[in-house]
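What follows is a single structure, written as structure tokens, with notes after it.
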Amino acid sequence: MRIATWNVNSVKARLPVVVDWLGEVQPDVALLQEIKCEADAFPQEAIGDLGYNMAVVGQRAYNGVAILSKRPLEDVREGLPGDPEDEQARYVEATVDGVRIASLYLPNGNPVSDATGQLSDKYTYKLAWMDRLRDRAADLLNEDWTFVLGGDFNVIPQAMDCYDPAGWAEDALYRLETRRSFRSLVHLGLVDAYRALHDGAGAYTFWDYQGGAWNKDNGIRIDHLLLSPQASDRLDACEIDRKPRGRAKASDHTPVIVTLKDRGLP
DNA sequence: ATGGTAGACCCTCTA
């Protein structure tokens, strides 16, 4: 099973690019983020024509996540548990062939500080959301699921995942409190699929539209696929596909694809 | 020193 994750930065603006890529790469499952539309406005025909079922959690103008799957989607859960007041469309989870799969768009959290120098509402929301995600992962572990948490985590895990770590030291995507929280999630027993198979710096999934970041390769690695122990036993490959970032009308993110074997270690 | 990119939407916000 091949599972891709991709922040498309508006599924409407990106539709030709997304349709071309899905048609060419044919992942079994595609996790999309920042679709930036309500579920009713999702391009169901164009995606359905490619052979995908879909689970969509959307909202007007911002955020929005989806799971596309060639195999049936079962037991769809909309939203991350832990805060009934949270109306932002950032989480959807479903079962595909016995694997529990989430598409998540973790809050950005910038700016970190407000006018009075306190931590901003945006950043405290990010940290609270990460706590809820850790709680959800703990529940899935306790239930012994084979699972994959994929999406735009808005977290740079290590210095090697950033072209200029010193410059990003106080950014919400990299500051110590963010990395500590991400580690506390991973240390429940999850595996960062890309980092399990690749060493070294320079593997990025996001390049800002501004400042010629793509041409300078000023990138960061913030799109991740975290595997449960049973899923990591099936880990076969994980690659970043840089090609879509170089296209005309590109998203600022590019896809990451993990391949799971049909069965675990012998 | 300023604006610099992109998307959604109603002009400013988010990233």
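In what follows, chains are A, B, ... by sequence order, proteins preceding strands, each numbered from 1.
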Exercise. Would you call K126(A) and L106(A) a side-chain contact if the rule is heavy atoms closer than 4.5 Å?
Worked result: yes
Exercise. Quick one: on DNA chain B, does N110(A) or N9(A) contact a more 5' nucleotide (nearest heavy atom)?
Worked result: N9(A)
Problem set entry | Earlier contact from the 5' end, DNA chain B, for A61(A) and R90(A) |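 Nearest nucleotide further toward 5': that of A61(A).
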Exercise. Around atom CD of E143(A), are there more than 12 heavy atoms of other residues, nucleotides or ligands at under 6.0 Å?
Worked result: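 Yes, enclosed.
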Length of the [atom1]-[atom2] vector between [X] and [N], whole Å:
X       : N       : atom1 : atom2 : result
W207(A) : dA6(B)  : CH2   : P     : 16 Å
N218(A) : dG4(B)  : CG    : C1'   : 14 Å
E34(A)  : dT14(B) : CD    : P     : 12 Å
L15(A)  : dG7(B)  : CG    : C1'   : 15 Å
K249(A) : dA6(B)  : NZ    : C1'   : 8 Å

For this session: Report the nucleotide, chosen from dA6(B), dA15(B), dG7(B), that has the shortest atom-to-atom distance to any side-chain atom of Q210(A).
Result: dA15(B)
Exercise. Should the ring pair F153(A) and F182(A) be called parallel, tilted or perpendicular, given that the plane angle runs from 0 to 90° and is split at 30 and 60?
Worked result: perpendicular
For this session: Determine: side-chain N/O of R60(A) to OP1/OP2 of dG7(B), distance under 4.0 Å, yes or no.
Result: no
Exercise. Does a nitrogen or oxygen in the side chain of R14(A) sit under 4.0 Å from OP1 or OP2 of dG7(B)?
Worked result: yes
Problem set entry | Y62(A): partners by ring-ring contact (aromatic ring centres under 6.0 Å, His included), with sequence neighbours left out |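 Y62(A) satisfies ring-ring contact (aromatic ring centres under 6.0 Å, His included) with no other residue.
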Problem set entry | salt bridge (charged side-chain N to carboxylate O under 4.0 Å, His left out) evaluation trace for R71(A) with D97(A) | CA-CA 7 Å; R71(A) 302 271 296 145; D97(A) 284 340; 2.8 Å; yes
Exercise. For Y105(A), which contact category applies under a 4.0 Å heavy-atom criterion: base, sugar-phosphate, or nothing?
Worked result: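 Counting heavy atoms under 4.0 Å across all strands, the contact made by Y105(A) is with sugar-phosphate only.
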For this session: List in numerical order all residues of residues 119-129 of chain A for which some heavy atom is under 4.0 Å away from an atom belonging to DNA chain B.
Result: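 The stretch gives K122(A) as the residues lying under 4.0 Å from the strand, ordered by number.
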For this session: Would you check, one step at a time, whether the test side-chain hydrogen bond (donor to acceptor under 3.5 Å, both in side chains) holds for D86(A) with Y91(A)?
Result: CA-CA 11 Å; D86(A) 185 359; Y91(A) 191 88; over 6 Å; no
